[in-house]
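The block underneath contains the structure these notes are about, expressed in structure tokens.
Bear in mind that the values here come from a model prediction, so they are computed numbers and not experimental data.
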Amino acid sequence: MRQEEGSNGTTNLPDDALAAVFARFSDAADVARCYATCRRWARVAAAALARAQPPEIARGCALLGLFHQEDPGVTAPRKRKRTPFSGTTVASGQPCFVPTAAAIARVFGLQIPTSMSDGGHGASLEYSRPIASRNGRVVLELCREGHGDGIRLCVFNPMTEETALLPPLSGKDKPGGYYACALLTGDDLLVKQPSFFRVLIVYNRRSFTALRAYSSDTNRWSSETARSPSRGPKIDSVRLRKLGQGVVLRGVAYWPLRRSALAVRLDGPEPAEVSMPKDGIPSDRPQHCRLLGVTPDTKQRLCFVDARFHSDRGLQRAGLPFLSFILVTTILNAGDGDDDYDIAAGRWVMRRGCIRFPEIMVSDFHSINLRWFCEKSGAIFFTVGEDSRSSGAYAVNVATGEVERVAHGPGCDNWRNVVGYEMDAGGYLAYISCY
Amino acid sequence: MEVDKGKGEAEETRKVAEADRDTVTLKSSDGKLFEVSKEAAARLSTVLAGMIAGGSIDDNGTDLKQIGSEALENVVDYCNKHANSIPSAALISSSISFNTAPFKEPEEWERKFVDRLSHDALFDLVEAANFLGMERLLDVTCHKISEMMKGKSPDQIREVFNIKNDYTKEELEEIRQELAWAFYDD
């Protein structure tokens, strides 16, 4: 009866109650469609998500893509060209963004600004290279016009264009040679402040592997910490150069080593290495065929993914691409929950089943490059080189095995400094509601 | 025999008197009075628990000016049904906030309880549950409402909830583009 009475007016579900309803959705798309009904609901949807994100929605990824450079940046000649992906003119060497189909049309033109005010240090984003990414932000290494001494990092949010410039590491503080980098944000360290972040770098000195972290709350770099010999020896410099993505789980950053993983806890301003099981990671693959990741289920366990190849003699004799590959996952079993996660006592266990790519054949296993594991969406980015008819860049969902080709052509194989980029649905709605 | 019966009656009367003291009287915005067991009220509503503990319960009817008689009747009904159907161990979990505890699916009787309500009665009940700090009832009612929204297009949601579309055509187009990933099927 009252239902009919109410139908000539607007609904009387007040903001509080609406917020309570939105908080119970498990699919971000439902919230998005409510957002599109009217202004009041949009306001409540955005605010509710910003205030308290249920983990299901936080994990539902609204925006997914990758940043890369087409040339090894610094040495590229200054020319401007059109990229097939961004649809806009960019300088080669400048990081490009490639969205997946799930990414929003708006970001097709997403650009890293070519210059920024940094107090006259002569830093330019034009030749910056993306080195890490997490929770909607990207760490860029800036290239100085004068090729001066030291490294300069900045943390950039492509959606808001906020940039935080880190103090340079120069002189004796300059990391020697290559370094690996990981970004941790407030979500990882249970810090409420949205702009909070920490950056961790790992590099080699003459006789040891060193760790150093920057924290946005102190606005300075920690002192250099040597990797304790009790945790492991100095990391081989060739391996360190290829460490690649640092995966972050419960405030700890992980990189794949030969048989184990390097694990560095960063819940304080000083990095501290965490003990890992001595072995258990399949050790016989080259580093470009292996990645660490996080299982896409609610248990969120550390996992290791590697590519394994199978050759077809018939195709090989016919001179055709003859290697197919599968992705195999090995999970670190170490207790079930947040409180019960004794990593050092854990065991790496290979999971049954694998992901197959029957469409993709290559002639050389170097053509398959696993680039990035997107922890929130459970997607792996990989590229396929020019010796395949299927060359291009792909995103595969590790939970469903669904594959999406995000870019075509052999050029993808030459991409350098590829970092995956994902922003959660809540953050994205909060962003467009300010817009 | 006669003596025994009389004794039994006296006991009955005493029990009723005790039961009287074990209830609280709630008064709706339109002045209607409802009785609910003190124990159920304290266990299911953080606000009523606070009022009982703080001694701010009025024997002549505690004023709940924000809640109409229909919603309050449903609240009381829910409290009684809940007390009858759920073992006390399960009640402990209902006092945990929904943000920390995973939502437990509504029980069969809870589903029936919200299914028979009209939209307006359901919305009023959400408000009442929110006002009285009744997490479990809030969970159950919100779950019902979220099911009314799930998988629907904005147009369908507007129809179900009588929402007036106050976006301009341009704004709507912009939102559709922004949120293209959420509009796969229309």
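Across every non-hydrogen atom of A/A17 and B/C142, the tightest pair is O-SG, 4.3 Å. In plain terms, the two heavy atoms of B/Y167 and A/A36 that are nearest each other are CE1-O, 3.5 Å. The shortest heavy-atom contact between A/D30 and B/M149 is OD1-O, 4.1 Å.
Of the candidates B/D166, B/N165, B/I157, A/C38 forms a side chain to side chain contact (heavy atoms under 4.5 Å, CB included) with just one, namely B/D166.
Here the CZ atom belonging to A/R33 is positioned 9.0 Å from the CD atom belonging to B/Q156, to the nearest 0.5 angstrom. The CZ atom of A/R39 sits 10.0 Å away from the NZ atom of B/K164 when rounded to the nearest 0.5 Å. With rounding to the nearest 0.5 angstrom, the NZ atom of B/K150 is 11.0 Å from the SG atom of A/C34.
Heavy atoms closer than 4.5 Å to chain A are found in the side chain of B/E171, but not in its backbone. For B/L122, no part sits under 4.5 Å from any heavy atom of chain A, backbone or side chain.
For B/E147, the CD atom is densely surrounded, since the number of other residues' heavy atoms within 6.0 Å is greater than 12.
Contact of the A/P14 side chain with the B/E127 side chain is registered, since non-hydrogen atoms from C-beta on lie closer than 4.5 Å.
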